[in-house]
Undergrad: 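The structure follows.
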Amino acid sequence: KTVLFANPLVYPSMEHDTQPTAISIDKDDDPLNGVKLPYYSDTLLSAWPIHAKFTLGAMPEKIDPEILHSSKRVQQFLVAPYDHDKFGKRNVSTKFQAIKKLTKNGVKVPKFISERATLETENSKSETLKNQTSMFEYTSRTNNVPNCFSKVEILYSKFGVDDFDFDFYNVTKYAGLETNVSNSYCNPLLQVYRFDPLLFNFAVSSLSQEALESDLLLSELGYLFDMLVKANGKHCCAANFQRLMCLLPEVKKLGLLDDDGRIKDSYGQRRLIQAFNKYLLIRLSTDEKTQRNLQVSSNLDSIMGIYVETIVSSVFCNARERTMDVMHSFDIASLSTNATNHKTIGNSVLTCMETCMNRHVQQQIACSVCGRQHLVEVVTSVAKLPPLLSLNLNLNDEELNELRDTKGWLPSEFYFAKNQGRGFFSPTNDNNIPADHFELVAYVAQITSKEGLNHLVSLIRIDDAPTEMKWHLFNDFLVMPLPESEVMNFSSWWKRPIIAVYRNTAISVPFAFDIFKRNLNDSILYRDHFAEGTRKSRTIEYELLTKEEAPTPGTLVAIDAEFVQLAPAQYEFKSDGKSSLVCPRKLSLARVSVIRGEDGPKYGVPFIDDYISTTVAIDDYLTSYSGIEPGDLDSAVSTKSLVDLRTAYRKLWLLLNMGCVFVGHGLKSDFRTINIQVPQEQVRDTINMFYLKKEKRVLSLKFLVYILLNERVQTGNHDSIEDARSALLLYRKYLDLEARGELQIALNK
Amino acid sequence: HMLFPPNYHLYAPAAPPHIQIKQYPNERLAEDLFIPNQLRETIQKKNEESLQVLPMSNLPDAIDVYHSLYPISQSFEEGSDRRSIIYKAVSNVDGKLYALRRIENVNIPNEKSLAPVNSWKDLGCANVVRLYEAFTTGAFGDLSLVMIYDYHPLSSTLMERHFYKMSDREFPELITEDLLWIYIVELTNAISMVHSKNLAVRTFDQSKIIITNKNRIRFSGCGIADILDFETNEDMESLQKADLRLFGSLILNLAKSTIFPQKIQNLSDLEIVNALGLSSGFKDALKWLLNEEGTIRDFQQIICDQTMKVVNGLQMSCDFMESVLGLEVENARLVRLMTKLDFVSDRPEFQLDHSWSETGERYPIKLFRDYVFHQVDEAGKPVLDLTHVISCLNKLDAGVEERLLLVNQEETSCIIISYKELKNCVEETFKFLRGR
Amino acid sequence: HMLFPPNYHLYAPAAPPHIQIKQYPNERLAEDLFIPNQLRETIQKKNEESLQVLPMSNLPDAIDVYHSLYPISQSFEEGSDRRSIIYKAVSNVDGKLYALRRIENVNIPNEKSLAPVNSWKDLGCANVVRLYEAFTTGAFGDLSLVMIYDYHPLSSTLMERHFYKMSDREFPELITEDLLWIYIVELTNAISMVHSKNLAVRTFDQSKIIITNKNRIRFSGCGIADILDFETNEDMESLQKADLRLFGSLILNLAKSTIFPQKIQNLSDLEIVNALGLSSGFKDALKWLLNEEGTIRDFQQIICDQTMKVVNGLQMSCDFMESVLGLEVENARLVRLMTKLDFVSDRPEFQLDHSWSETGERYPIKLFRDYVFHQVDEAGKPVLDLTHVISCLNKLDAGVEERLLLVNQEETSCIIISYKELKNCVEETFKFLRGR
């Protein structure tokens, strides 16, 4: 038996507290509801619109570095000028941007080649075009780094690096360089020198002679330049060049190895590329002397040598010494005014050059002539400027900032004349005195992003370019023409010139792309040249070419290469099952076999079967694919005929330049790892001949041989001679089927 | 004029449940940013009930030190026709609210009968409504026993919840096994603490177990039997044994409502248990209780895994409460901060004195207010972003190192300043105002 | 006329009854989770730590979708010299805070190794820090394993609390038997839930158990061993057995610090247990664990009475938090109201707007703000009264009929306007801004 009130009692609440509680602004404990909310019969004013949505989680906005750079302390605050046009309206709420790799500054990353639809619709074509135009923008509406100058990145699909759409970034015929290589910071400078005819011809002509005794950077540079030309706009990789760089002990000692691009501050990065500039030129000079067995000045010296004369004299005794040095690049530093001891860059690089190139100091020495301590005058002056003048702009951040505001600091031309032993620089030659006339033909620039990340690009003038705009931007694998006004504009906060290259206009030499063909020494094709330490008793499975068999344009050869893994692929995994390839595996050439493909008695007989001597650590021999056993590439223990890479490479390079046509299966990846560019006309790739278009499937060599040739290939370890031979046979079969019009039927099977 | 209970639905209207507003994971509606509406409303209702007064009543003005009596509920004492009426009352001694239970027509021979109160006072059990004192009074016109307990606003009894239709529900609330287990664990806690103090619960009447929050029950009649039956000297051991048996009956009663009455007509208790559509673990525990097989300590062992689940659930609830509290404690500070900002900005007496607002510490404050409250989008349209306001003010309150760019109105110059420095500006300016 | 209870004037304290907090009868019981009068302070400190940023850092801007990394702690992985660094981070996807644990130099062969995460994701245990996802990254310059957990601000590890001197304490915190029991109950809860999902805790490293509130501990490294040791295929049964043994060792280690090291030199574990100055119930429980005598379910039975005590303490804590929350329910409303008011007032784009001039319809808002925030006394000294502010704002919010006399700063004109009309004015302006 219980009695309850049928409904809860409804009695009025108090309207006010008679004694309103004191709520202190200081004491957090005082509850804010101590003052009661009066009765209300309408929606409260504090109620918020039901559908109003707010977005969270955006990355914090960074303050524009330009504003930070120009800020000063006034009273206790950091104050800076603000430019409405540059930085926009105040207090603008920025739209939420998701951190995704899909867009970068509004440019959609192009799809992987494998993702592209088989049929390109009008829509998708115009989409790509629009996207590309966006990519090639060289101005920015938001005071950001313009799209074309921002650092480009290779993304990897599961198919590896060749699936990346490099062509999207370059529609010129000038090849760009990939970034997936050690010391990719070198790329811009390598391109600069590629486009100077004197230097180009110099490097490439060195290839006509052999250099098999030791590794020469000069040869690698020559091969690289040749590759860049033959690529005709397709992307290249300076793999072998950098491979050698990493092996040279002096490179490591000089600190030129960039350890996977660990973050360097802007000054450090500038010093690095300038150090590389100096080293490269010195090394090229030494290499030339080595190759040609020279003692004195080399061709390089005559191209880039800056002759500096130093005269040491004294009033105290008759001691007088005169020396002549040659440098290949010149360091431009800022001037220090004696008045304020404040460093300034002056109003032009010419002022700095003049000062740097004409030095007059006094030193206290112990004289070797008169035996006493006295003052001597040391006068250094430039005796002669070379045809190609390479300047390292050794300025710090503040000085480079000053440069932006100094119009014309880096002029597009200047004149150099000597007067009474002293060199003078002038931007003009109004009086028409006899003087050397120099023009700026290229410079390397450091690009700094809003987040403070630095990378290098080069701007190069290509006089024989088919386009109206001669200047081109080389941003790793992004290559495009630029108007000269933009190139000569140094006022942008994100661009700093680091290395400037001037050329004497009097010396105009055309590119001689085939210069190496003069007196080309091809003797390596007809003899053995093994790596040091190779055992005398070795198994040989080939028969050297004879002089009579010298390849001519069109000579058919079949080639196959085997590789070992130096470093495994690096992936990023996620717990939801997704994985992405961050860095593909590093491969190294282990064995290359070439067999004769011309009809005749020696048809199918191999004439090259080189195992490459490898000194670096090998992560995985990939024996089941490569057939290479551990120890095979170690000259100390191997039973195979080991050859240095430079020897094997030269042979292939010779075959290429003598016009051979290469037959093989999957040659694209082979040539990539060998690091050689073979024009399409000289390639017969059976992997493409038997490609199933509809299913988008490639067929393996083993399968094709079994199906089409009714032969069982060795089921044991792979053998490149066998594979080359199989490819050759397949090619024959292909020609046969094609001729009979039965190719399609065979494919359908 | 008459005032009515607050219109809670007008307080902070939200979208009706059947309308789903599409939200990305990083999107928030205004209601997502603050204390959940349901929770807030419950608390406000509790606060409201605490304030209710009876404008015109026949009730005595005061009973001992307790005044402002407001009737809450009424029932009959077990096995008698005495009424047991509960009032909300205010103590004149400490100004706090208490529940005053008046049992009418009680003859207390001497004050020794009231001694049991002292044993109950310091129990400290979360599942027993705390008893403070007891006394007799004639203020109601008879000899009544008055017992003073903690006041739990908006509570209802187990009876009302699971067996009656109430105004806000069409049906009594369904009992699930999960709910039964929670009740079991909580009551076991109560009984354990009671027995450990050498007391016995003695009454498991469903009208004397109140629900003070969702899934939170408490014995609300402790001490009554001790006083009313003071003369009869039952030994504690049999009383405690009886507790377990009564416990079992209560659970059985509740569990019975999960099954059609017809199905269990004329069945014995144990047969009913077997007929229930509940887990075997539950049935075993219930049978154990009905068979009086041991002490409450033994029972703890039987239900130990369910107890552990309750531990987990309670920790989660505490976490939830703490997170809500985190929001609202912050909001209290924001109100104070915004008030300070408003105190300091645009004071008329300084409008003419430009040096006040354009220099020194005041200047960034002005620009900061624009930054927080007067955002626009690229087209110049006002952006009214609550999360931006709350985020900026929270950072200002904490004085973080993050730096801001504050641009002047003419857009010719700007200040780069950290929240830490800004906080200092605000504090200094406020101090200045005070000192003036 | 005003309605109020007859003896209202007899209130002694300042605060109205509905916003007073009840103290616990036994203070110690309330201190299970936090120290009651430090609750707000603790919550405030946690909020502050959640807001901290590192303005200039070498850390990557973002790792996957997590940005604004702020380092919290660093330790070494058990049995290796790999560092394990924990950062606070914001998710770009849902805007919430997470703890990002980075373990350096980890070689994950394929994505299958990360599959264990999915078993841990939905554990739902209050004593295990929740794991959301894991992935590998090269963004730190090496190959790191990153695991994303819930973020618990202001937490310290068991190691730091009981074995280190910290900046705010001269000595490591003493361990009492009560504390040990709380740890035991909480860890048992964690282990029970983990084992019930066919997983094992695997690491009882004291640097991987964090304290998120006064006595609230959680395993913070779940999933790590599952991923790092993915290749080794130990069966779950032996791993779970090992869990109990490691559990015992952990408790023993903690208990050891209650006794002088010299006294227990060269003693075996069981001898140490006997030497401890703790209750026999504790020693029995500890010996049981060290002797690996059963499953975690068996252990639950052994500690069932301690578990019940924790149930009581947690309920008390929840009650307390709710009572604190009762004081904070109106804060959100005030924040929203003041934000609306500030959105609407003094917008730069209004400078030239006629409606804000003296004759415009929005002018009263300007005058109202002066009335609320810019009052001065007769001497011209600013009146900085929060009570006045909230009182006015409340009336504005409700839109009461009460009328105000608003005078302009030059004191040349005045307006008589009701709160209701003012409310309308503000709301109209707000709508206008939204629709613009």
Side-chain angles (χ1 to χ4, degrees), chain B residues 25-26 34-35 40 43-44 47 50-51 53 55 61 67-68 90 92 95-97 122 124 126 189 192 300-301 304-305 307-308 310-312 314-318 321 325-326 328-332 334-335 338-339 342-343 347-348 373-374 381-382 384 389 394-395 398 400-403 409 433, chain C residues 3 5-7 10-13 17-18 20 25-26 29 33 40 43-44 47-48 51-53 55 93-95 126 189 192 300-301 304-305 307-308 310-312 314-318 321 325-326 328-329 331-332 334-335 338-339 342-343 347-348 370 373-374 381-382 384 386 389 409 433 436:
Chain B
N26 67 340
F34 306 105
I35 179 175
R40 179 204 27 91
I43 292 179
Q44 282 176 325
N47 285 349
S50 311
L51 291 171
V53 291
D61 281 346
H67 63 86
S68 307
V90 183
N92 198 32
K96 295 189 185 167
L97 292 164
D122 299 315
N189 178 40
S192 304
Q300 276 182 3
Q301 283 194 328
C304 65
D305 58 334
T307 312
M308 197 55 93
V310 169
V311 164
N312 196 52
L314 283 171
Q315 288 183 105
M316 301 287 237
S317 297
C318 277
M321 289 296 254
L325 206 47
E328 298 305 323
V329 161
E330 196 70 49
N331 285 334
L334 288 188
V335 171
M338 288 169 89
T339 306
D342 282 328
F343 275 157
R347 292 193 76 90
F373 297 108
H374 302 146
K381 186 166 168 329
L384 308 167
V389 171
N394 273 342
K395 289 182 191 171
V400 297
E401 298 283 359
E402 181 179 329
R403 297 208 293 190
Q409 283 212 348
L433 271 185
Chain C
L3 302 163
N7 291 320
L10 291 178
Y11 275 14
H18 69 286
Q20 288 174 343
N26 186 345
L29 274 173
L33 256 202
R40 290 174 114 259
I43 286 181
Q44 183 53 36
N47 284 345
E48 273 189 28
L51 292 166
Q52 294 306 318
V53 291
V93 170
D94 65 12
N189 178 40
S192 305
Q300 278 181 1
Q301 284 192 327
C304 64
D305 58 334
T307 312
M308 197 55 91
V310 170
V311 165
N312 196 52
L314 285 171
Q315 290 183 102
M316 299 285 231
S317 302
C318 270
M321 287 217 250
L325 204 47
E328 310 295 336
V329 276
N331 304 347
L334 287 168
V335 169
M338 293 178 84
T339 304
D342 279 327
F343 271 157
R347 293 193 77 92
D370 284 341
F373 296 109
H374 301 145
K381 189 163 154 37
L384 307 166
L386 186 56
V389 169
Q409 53 212 111
L433 284 178
R436 224 175 191 239

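Just so it is clear, the model here is predicted, and its values are computed rather than measured. No hydrogens, no waters, no symmetry mates; every other heavy atom, side chains included, goes into these values.
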Undergrad: Which one, Leu51(C), Leu386(C), Asp94(C), Val53(C), leads in non-hydrogen pairs under 4.5 Å with chain B?
TA: Asp94(C)

Undergrad: Are any of the side-chain heavy atoms of Val93(C) and Asn26(B) separated by less than 4.5 Å?
TA: no

Undergrad: Identify the heavy atoms of Gln301(B) and Cys304(C) that sit nearest to each other, and give their distance.
TA: CG-SG, 3.4 Å

Undergrad: Would you say the side-chain atoms of Asn312(C) pair up with the backbone N or O of Gly124(B), donor to acceptor, closer than 3.5 Å?
TA: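 Flag set: sc Asn312(C) to bb Gly124(B) pair under 3.5 Å.
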
Undergrad: I need the minimum non-hydrogen distance between Ile43(C) and Gly326(B), along with the two atoms involved.
TA: CG2-CA, 3.5 Å

Undergrad: Among Leu384(B), Val400(B), Val335(B), single out the residue with the greatest number of heavy-atom pairs under 4.5 Å to chain C.
TA: Leu384(B)

Undergrad: Answer yes or no: is there a side-chain heavy-atom contact under 4.5 Å between Val389(B) and Asp342(C)?
TA: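 No; the side chains remain at least 4.5 Å from each other.
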
Undergrad: To the nearest 0.5 Å, tell me how far Thr307(B) OG1 sits from Gln300(C) CD.
TA: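 Here the interatomic distance stands at 8.5 Å.
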
Undergrad: Nearest heavy-atom pair of Phe343(C) and Phe373(B): which atoms, and what distance?
TA: CD2-O, 3.2 Å

Undergrad: Indicate the atoms forming the closest heavy-atom contact of Met321(C) with Cys318(B), along with that distance.
TA: CE-O, 3.3 Å

Undergrad: Please report the interatomic distance CE(Met308(C)) to CE(Met308(B)), rounded to the nearest 0.5 Å.
TA: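 Output value for this atom pair is 11.0 Å.
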
Undergrad: Given heavy-atom pairs under 4.5 angstrom as the criterion, report whether the side chain, backbone, both or neither of Gln409(B) touches chain C.
TA: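 Contact with chain C is through the side chain of Gln409(B) alone.
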
Undergrad: So for Asn189(C), is it side chain, backbone, both, or neither that comes closer than 4.5 Å to the heavy atoms of chain B?
TA: both

Undergrad: Quick one: pull up CD in Glu48(C) and NZ in Lys395(B) and give me the separation to the nearest 0.5 Å.
TA: 14.0 Å

Undergrad: Quick one, Gln315(C) and Leu314(B) - any side-chain contact, counting heavy atoms below 4.5 Å?
TA: yes

Undergrad: What distance do Leu433(C) atom CG and His374(B) atom NE2 have between them, rounded to the nearest 0.5 Å?
TA: 9.0 Å

Undergrad: Quick check on the interface: out of Ile35(B), Val310(B), Leu325(B), who has the most heavy-atom pairs with chain C under 4.5 Å?
TA: Leu325(B)

Undergrad: Arg40(B), Glu330(B), Arg403(B): which one forms the most heavy-atom pairs within less than 4.5 Å of chain C?
TA: Glu330(B)

Undergrad: Are any non-hydrogen side-chain atoms of Met338(C) and Thr339(B) less than 4.5 angstrom apart?
TA: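 Yes, their side chains come closer than 4.5 Å.
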
